[in-house]
Amino acid sequence: MRFITFMKRNYIHDDGPKGCLARSIKSDGHNFPIRTSKQVYRKYLDEQCHADEGILKAFDECFDEWKKNETDN
């Protein structure tokens, strides 16, 4: 499963920073990078979305969770 799909399925209704990130990914639509590295995603969030530290921290946690989920399956 793509990271984008993982975020939308698991966090779209979350009230915290993870939910905010999921909704941002959804609203960015085709502009959000697809199937790329953690560094590219983070750079996009930082430079294009001007994400604050809370969102970037949530991204790191979610990306690691997604990666672990992908390797476990």
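Every heavy atom of this structure was used, including side-chain atoms; hydrogens, water molecules and symmetry mates were not.
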*Which pair of non-hydrogen atoms, one from K8 and one from A22, has the smallest distance, and what is that distance?*
CG-O, 4.3 Å
*asked:* Does K67, at its NZ atom, have more than 12 non-hydrogen atoms belonging to other residues, nucleotides or ligands within less than 6.0 Å?
replied: no
*About how many Å separate NZ of K43 and SG of C49, when rounded to the nearest 0.5 Å?*
13.5 Å
_For a quick test of reading the model, state the closest non-hydrogen atom pair linking G54 to P17 and the distance between them._
O-CB, 3.9 Å
_Gap between atom NZ of K18 and atom NZ of K57 - 0.5 Å precision_ = 9.0 Å
*Given the rule in the salt bridge (charged side-chain N to carboxylate O under 4.0 Å, His left out) test, do D72 and K68 qualify, once you have shown the distances and angles that lead to the verdict?*
CA-CA 6 Å; D72 288 348; K68 183 179 182 325; 3.0 Å; yes
*Check whether the ring centres of F63 and F6 lie less than 6.0 Å apart, and answer yes or no.*
no
*Is there side-chain contact between I12 and I25, with at least one heavy-atom pair below 4.5 Å?*
no
*State, yes or no, whether a side-chain contact exists between F32 and Q48 at a heavy-atom distance under 4.5 Å.*
no
_Side chains of D28 and Y44, donor plus acceptor under 3.5 Å_ = yes
*Can a salt bridge be assigned to the pair D46 and R42 using a cut-off of 4.0 Å between side-chain N and carboxylate O?*
no
*asked:* Once rounded to the nearest 0.5 Å, what's the spacing between atom OG of S24 and atom CG of L45?
replied: 8.0 Å
*What distance separates Y41 OH from D60 CG, expressed to the nearest 0.5 Å?*
13.5 Å
*Working to the nearest 0.5 Å, report the span between CD of E70 and CD of E65.*
11.5 Å
*Are D64 and K38 side-chain neighbours, meaning at least one heavy-atom pair lies under 4.5 Å?*
yes
*asked:* Nearest 0.5 Å, please: how far is CG in L56 from CD in E61?
replied: 11.5 Å
*Treat each ILVMFWY residue as a node, draw an edge where side-chain heavy atoms are under 4.5 Å apart, and state whether I4 and M1 are in one component.*
yes
*Are the charged groups of D14 and R23 less than 4.0 angstrom apart, N to O?*
no
*Would one find more than 12 heavy atoms of other residues, nucleotides or ligands at under 6.0 Å from atom NZ of K26?*
no
*What orientation do W66 and F3 show, parallel under 30°, tilted 30 to 60°, or perpendicular over 60°?*
perpendicular
